[in-house]
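Proteins get letters first, then strands, A, B, ... in listed order; numbering begins at 1 in each.
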Amino acid sequence: MPHDHHDHDHFHHEGMSPSGHPYRADNDGPLTYWQRMEIAVRELLVEKGLLTPSEIAAQIEAMEARSPANGAAVVARAWVDPAFKARLLADASAASREMGFDIGPLHLIAVENTAQTHNLIVCTLCSCYPRNLLGLPPDWYKTREYRSRAVREPRAVLREFGLDLPDDVTVRVHDSTADMRYIVLPSRPEGTEGLDEAELAILVTRDSMIGTGLPRQP
Amino acid sequence: MSDWDGRRWHDMGGQAAGPVPMEGHDFALWEKRIDALMVLCGQKGLFTVDGLRRALEDMGEDAFEKHSYYERWIAAVNQNLLESGVYSLEELADRMEQVAARGPTYAEAQHG
């Protein structure tokens, strides 16, 4: 799947960041109007006593610590523990909290892939995403193209991600809202009976939890 | 009879569009800070995600096409903070001028 490459490419290309993206002009480019606004708003909030610089730094750290590895741990637990899986499908927020993940006030719903059904998540109205379990959404998730087409021609969209589903597999598309987020519980790959929970978690890709991909094969 | 189908611009589910662009980017520090400001302002009860959404949607399609995600977010955060009286338009304008005077790059301007 060409796409998984974005997250898991361990080859660092010349001029590319460790995640395989071009380094974005950050601190060295000319100061933009919107950067000036960010600096001004942040300083005013601090001066008014509403936020502290350490709170802002801690929030950035907490956000950076969230990655698809969190979601993968939840998926792997569900694969090995049927009672946990039942709790996850009943209330994904509570089951994720049980594993120590901060879900905030979100109502999180896990949707299970089976041999007959493939689930895909989107936010057609904006960019709602299970960020507490997967980190920030990839750029394509927020594009007009994905938001518009995922609900209209999901199979065509999935083919662009390298996933060509048989016609007899039902595709269910779930449209997220600000208060209700979905995460896909992918099917456990065949031939993984001998793997433990940590080994299974490595197979779970970000895209497999969005529905635009499948887990890796062992 | 209007040709309008009753949708606002952001309600784009089901519209025709081209191939999904797969390229991504790593978030810059100013973008991470904007994300953090939004989350913290929500936690402190200064405004809600619905307030953010309203401001984003009211910016219209032009802003969606012309400005990046976090550019639109800081505009929406600012709009909500102005409306709730956390600071005034004059305070914002003065501060943005001071920031510009610190230097031509984000690195030079980011700390007062």
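For the set B:D50, B:V39, B:I34, B:L52, the count of heavy-atom pairs under 4.5 angstrom toward chain A peaks at B:V39. By number of non-hydrogen pairs under 4.5 angstrom with chain B, the leading residue of A:V151, A:D179, A:L51, A:L125 is A:L125. Between chain A and the residues B:P19, B:G103, B:A100, B:A75, the largest count of heavy-atom pairs under 4.5 Å involves B:P19. In terms of heavy-atom pairs under 4.5 Å with chain B, the best-connected choice from A:D175, A:V157, A:L136, A:T143 is A:L136. Contact tally against chain A (heavy-atom pairs below 4.5 Å) for B:R33, B:E57, B:H10, B:H67: the top residue is B:R33.
When side chains are defined from C-beta on, A:T170 does not count as touching A:Q116, because their heavy atoms never get closer than 4.5 Å. Counting heavy atoms from C-beta outward, A:L31 and B:P104 have side chains that stay 4.5 Å or more apart. Two residues are said to be in side-chain contact when any heavy atoms from C-beta on lie closer than 4.5 Å; B:D35 and B:F27 fail this criterion.
Of the atoms belonging to A:M37, heavy atoms from both backbone and side chain fall under 4.5 Å from chain B. B:K32 touches chain A through backbone and side chain together, each having a heavy atom under 4.5 Å away. Of the two parts of B:L46, only the side chain, counted from C-beta on, holds a non-hydrogen atom closer than 4.5 Å to a non-hydrogen atom of chain A. Heavy-atom distances place the side chain of A:L45, and not its backbone, under 4.5 Å from chain B. Of the two parts of B:L92, the backbone and the side chain both hold a non-hydrogen atom closer than 4.5 Å to a non-hydrogen atom of chain A. Neither the backbone nor the side chain of A:P154 has a heavy atom closer than 4.5 Å to any heavy atom of chain B. With a 4.5 angstrom heavy-atom cutoff, B:V86 touches chain A via backbone and side-chain atoms both. Residue B:R8 does not touch chain A at all, counting heavy-atom pairs closer than 4.5 Å. Of the atoms belonging to B:Q98, not a single heavy atom falls under 4.5 Å from chain A. Using a 4.5 Å cut-off between heavy atoms, B:D11 contacts chain A through both its backbone and its side chain. Heavy atoms closer than 4.5 Å to chain B are found in the side chain of A:R131, but not in its backbone.
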Any chance you could lay out the side chain to side chain donor-acceptor pair (under 3.5 Å) test for B:Q15 and A:R152, step after step, and finish with the verdict?
-> CA-CA 8 Å; B:Q15 311 276 14; A:R152 182 190 182 111; over 6 Å; no

Run the numbers on A:S176 and A:Y129 for side chain to side chain donor-acceptor pair (under 3.5 Å), then give the verdict.
-> CA-CA 7 Å; A:S176 315; A:Y129 184 74; over 6 Å; no

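Within a 6.0 Å sphere centred on CD of A:E61, other residues, nucleotides and ligands contribute 12 heavy atoms or fewer.
Aromatic ring orientation, A:W140 versus A:Y146: perpendicular (interplanar angle above 60°, classes split at 30° and 60°).
In this structure, the side chain of B:Q79 does not engage the main chain of B:A76 through any donor-acceptor pair within 3.5 Å.
Figure legend: cation-pi geometry between A:K142 and B:Y69, with NZ or CZ positioned under 6.0 Å from the six-membered ring centre and within 45° of its axis.
For B:F64 and B:W9, the gap between ring centers is short of 6.0 Å.
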